[in-house]
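So the structure is just underneath, and the comments pick up after that.
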Amino acid sequence: MEGAHPLLLDHAVRDWVFIPLTLAIVLMKLLTQYMHQLFNTPPPTNKELKEVREMQAVARAGRLRGFGRVIPETSFKMRKDYFAGEKGVFSQKAVTRSPQEAMATDPSVMVDMMKKNLTGMVPQLAMGMVVNFFFQGFVIGKVPFPLSPRFKPMLQRGIDLVSLDVSYFTSLSYYILLLFGLRGAFSLVFREDVIDETEVMRRQMNPMAASPMGVDMDAMFKSEKAALAAVDYEWELESAEERAVDILRRQLKSKKN
């Protein structure tokens with residue numbers, strides 16, 4: 001706001017709000033990180049041989065659709081009938097369980113989902129209550145560059161003063177900034193095991209989509225079968241000799257000129 005006098009921030013705000021809030025957020029992030037590493041279990045790798053074969057069949061069918069033009073027509077039709085024929089692989093019922101079946105038959109899947117949600121949600125809720133109770137309503141700093149009024153709701157949460165300049169930020173806004181902004185610093189220490197807050201929020205809103213419980217193999221079989229049925233064979237080497245002769249003629253002409 002033009003013409004407004006700058007605020008004189010008390011040193012006690014720095015000593016009793018800014019520094020304790022920063023330390024509390026860093027310690028909360030460390031606690032959340034170590035809880036995530038403690039409760040995070042790797043996905044089970046004991047897949048059955050039939051499940052591995054089904055995944056490989058889907059991958060092979062995709063390669064057949066993409067590169068089937070470089071093999072003879074009889075080989076293409078033989079492979080196409082093997083995958084998408086009446087008695088082919090994709091016409092049979094899949095052995096791989098769907099995500100709903102995996103959740104219903106394997107209780108460890110639900111337990112793992114609950115542990116991941118708790119490790120990301122409980123520390124944030126507890127820290128949010130602490131910040132709202134002890135640190136709400138403090139102006140703790142000012143950014144060293146001017147900002148437009150659109151940044152006011154983001155930087156001045158918890159304080160509703162029209163006369164306050166936009167460049168000042170409050171303790172609650174500082175908490176939210178550190179909550180989502182420390183991931184880069186933590187990634188230097190914890191490498192790939194750093195918790196992503198956006199991923200935690202997405203997992204809380206949609207637990208089914210966030211848990212890698214498997215794939216719907218029946219739906220993949222149907223889609224691959226329909227895709228193979230729509231592919232028409234065109235041999236890539238049909239007119240290779242004619243194309244090679246044309247290229248040689250153009251090169252000879254360019255050399256003569």
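One is the number of the first residue; the rest follow in order along the sequence. Just the heavy atoms: all of them, side chains too, but no hydrogens, waters or symmetry mates, feed the values below.
The side chain to side chain contact (heavy atoms under 4.5 Å, CB included) check on Leu125 picks up Met121, with sequence neighbours excluded. A search for salt bridge (Lys or Arg N to Asp or Glu O under 4.0 Å) contacts involving Asp218 returns Lys93, not counting sequence neighbours. In this structure Lys222 satisfies the side chain to side chain contact (heavy atoms under 4.5 Å, CB included) test with no other residue, sequence neighbours excluded. Arg243 is linked by a side chain to side chain donor-acceptor pair (under 3.5 Å) to Ser239, counting only residues two or more places apart in sequence or in another chain. Remark: Ile247 pairs with Arg250, Gln251 by the side chain to side chain contact (heavy atoms under 4.5 Å, CB included) rule, at least two apart or across chains. Listed by chain and number, the residues in a side chain to side chain contact (heavy atoms under 4.5 Å, CB included) with Trp16 are Ala12 (sequence neighbours excluded). The side chain to side chain donor-acceptor pair (under 3.5 Å) search around Ser223 returns none, not counting sequence neighbours. For the side chain to side chain donor-acceptor pair (under 3.5 Å) test, no residue two or more places apart in sequence or in another chain qualifies with Tyr175.
For residues 135-164, the set of pairs meeting the ring-ring contact (aromatic ring centres under 6.0 Å, His included) definition, not counting sequence neighbours, is empty. Among residue pairs with one or both ends in residues 53-79, those qualifying as ring-ring contact (aromatic ring centres under 6.0 Å, His included) are Phe76-Tyr233; sequence neighbours excluded. The side chain to side chain donor-acceptor pair (under 3.5 Å) contacts involving residues 55-75 comprise Arg65-Glu224, Arg69-Glu236, Glu73-Lys77, where partners must be two or more places apart or lie in separate chains. Annotation: side chain to side chain donor-acceptor pair (under 3.5 Å) contacts involving residues 138-157, sequence neighbours excluded, comprise Lys152-Gln156.
Put simply, the side chain of Ser167 never gets that close to the backbone of Val143: no donor and acceptor are under 3.5 Å apart.
Annotation: side chain of Val139 is not in contact with side chain of Phe169 (no heavy-atom distance under 4.5 Å). Side-chain contact between Leu64 and Ile71: present, with at least one pair of heavy atoms (C-beta onward) separated by less than 4.5 Å. Counting heavy atoms from C-beta outward, Leu228 and Phe90 have side chains that approach closer than 4.5 Å. Between Met217 and Met55, some side-chain heavy-atom pair lies under the 4.5 Å cut-off.
Here the options are Val17, Val13, Ile159, the test is side chain to side chain contact (heavy atoms under 4.5 Å, CB included), and the partner is Ser171; only Val17 passes. Each of Ile19, Ile25, Val26 was evaluated against Leu23; a single residue qualifies, Ile19, per the side chain to side chain contact (heavy atoms under 4.5 Å, CB included) test.
Linking Ile, Leu, Val, Met, Phe, Trp and Tyr residues whenever their side-chain heavy atoms come within less than 4.5 Å leaves Val89 and Met78 in two separate clusters. Transitive grouping of hydrophobic side chains (ILVMFWY, heavy atoms separated by less than 4.5 Å) keeps Leu177 and Met154 in distinct clusters. The hydrophobic cluster containing Val70 also contains Trp235, counting ILVMFWY residues as joined when their side-chain heavy atoms lie under 4.5 angstrom apart, directly or transitively. Residues Met129 and Tyr174 do not share a hydrophobic cluster, clusters being chains of Ile/Leu/Val/Met/Phe/Trp/Tyr side chains in contact below 4.5 Å.
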Test side-chain contact (heavy atoms from CB on, under 4.5 Å) on Ser91 and Lys225; report intermediate values, then the result. CA-CA 8 Å; Ser91 299; Lys225 183 178 180 179; 2.9 Å; yes
Check the pair Asn132, Leu172 against side-chain contact (heavy atoms from CB on, under 4.5 Å), reporting the backbone distance first and the verdict last. CA-CA 7 Å; Asn132 281 326; Leu172 187 57; 3.8 Å; yes
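Taking each heavy atom of Ile140 and Phe18 in turn, the nearest pair found is CD1-CD1, 3.9 Å.
In this structure, OG1 on Thr32 lies 10.0 Å from CE on Met127, to the nearest 0.5 angstrom.
Counted within 6.0 Å of CD on Glu242, heavy atoms from surrounding residues, nucleotides or ligands total more than 12; the atom is thus considered enclosed.
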